[in-house]
Amino acid sequence: MSILFLILKTIGILILIPIVLLLILLIFPICYQIEGDFDGKSPKAQVKVSWAVIFLRAKAFYEEELNFGIRIFGIPIYDSRKEHWSVFGEHKEKDKKKHKKRSDSKKKQKIKKQ
């Protein structure tokens, strides 16, 4: 008898999980905003998409090149712009600039000490 209840419990959980996920998708709205402009020279466009208010946000914009960023709970997960920080690490070019600034400041300190 307990084996039958265990099987029914497992089937109930497997049915309940997709239903709960579907309800979450239906309850939390997906918001989107699209803007565009063309001044005769170059097109500009911006797209913002968010789900569950602040849970997931994505932003893409095009001015001279396509850039985009993704945030979860306001924490930047990925940003294609070189000057912005993200969880996956800073961009290589920015790392080189930081390293160069550090080495320049060390050289200045050595000169001041002498």
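Along the sequence shown, the residues carry numbers beginning at 1. In this text the structure is predicted, and so the values were computed from the model without any measurement.
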A.B. asks: Within the 4.5 Å heavy-atom criterion, are F28 and F55 side-chain neighbours or not?
C.D. replies: no
A.B. asks: Going from NZ on K59 to CD1 on I70, what distance comes out if it is rounded to the nearest 0.5 angstrom?
C.D. replies: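 It comes to 13.5 Å.
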A.B. asks: Whether the side chain of S80 engages the backbone of F68 through a donor-acceptor N/O pair (distance < 3.5 Å, no angle test) should be reported.
C.D. replies: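 Yes; at least one donor-acceptor contact below 3.5 Å.
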A.B. asks: Distance from I15 atom CD1 to T10 atom OG1, nearest 0.5 Å?
C.D. replies: 11.0 Å
A.B. asks: Got a second to check how far L14's CG is from I19's CD1, nearest 0.5 Å?
C.D. replies: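 The CD1 atom of I19 is 11.5 Å from CG of L14, to the nearest 0.5 Å.
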A.B. asks: Are more than 12 heavy atoms from other residues, nucleotides or ligands located less than 6.0 Å from atom CD1 of I3?
C.D. replies: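 No, CD1 of I3 has 12 or fewer neighbouring heavy atoms, counting only those of other groups under 6.0 Å.
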A.B. asks: Would you say L56 ends up clustered with V20 if hydrophobic residues are merged whenever their side chains have heavy atoms under 4.5 Å apart, either directly or through other cluster members?
C.D. replies: yes
A.B. asks: To check you understand the geometry: which heavy-atom pair defines the closest contact between R71 and P76, and what is its length?
C.D. replies: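 What the structure gives for the nearest pair is CG-CA, 3.8 Å.
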A.B. asks: Taking atom CZ as the centre, does F38 end up with more than 12 heavy-atom neighbours from other residues, nucleotides or ligands that are less than 6.0 angstrom away?
C.D. replies: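 For F38, atom CZ is crowded (more than 12 foreign heavy atoms under 6.0 Å).
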A.B. asks: Just how far is it from atom OG of S2 to atom NZ of K9, taken to the nearest 0.5 Å?
C.D. replies: 11.5 Å
A.B. asks: Pick one: which of E63, E64, E35 meets side chain to side chain contact (heavy atoms under 4.5 Å, CB included) with K44?
C.D. replies: E63
A.B. asks: Are V49 and I24 connected into the same hydrophobic cluster when the rule is that any two of I, L, V, M, F, W, Y join if their side-chain heavy atoms are below 4.5 Å apart?
C.D. replies: yes
A.B. asks: When you group the ILVMFWY residues by side-chain heavy-atom contacts below 4.5 Å and let the links chain together, are W51 and I34 in the same group?
C.D. replies: yes
A.B. asks: Quick one: do Y32 and I72 end up in the same hydrophobic cluster if we chain Ile, Leu, Val, Met, Phe, Trp and Tyr together by side-chain heavy atoms under 4.5 Å apart?
C.D. replies: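 Hydrophobic grouping puts Y32 with I72.
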A.B. asks: Grouping I, L, V, M, F, W and Y whenever their side-chain heavy atoms are under 4.5 Å apart, do L8 and L16 come out in a common cluster?
C.D. replies: no
A.B. asks: Heavy-atom distance under 4.5 Å between the side chains of F61 and V47, does that happen here?
C.D. replies: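 F61 vs V47: side chains apart.
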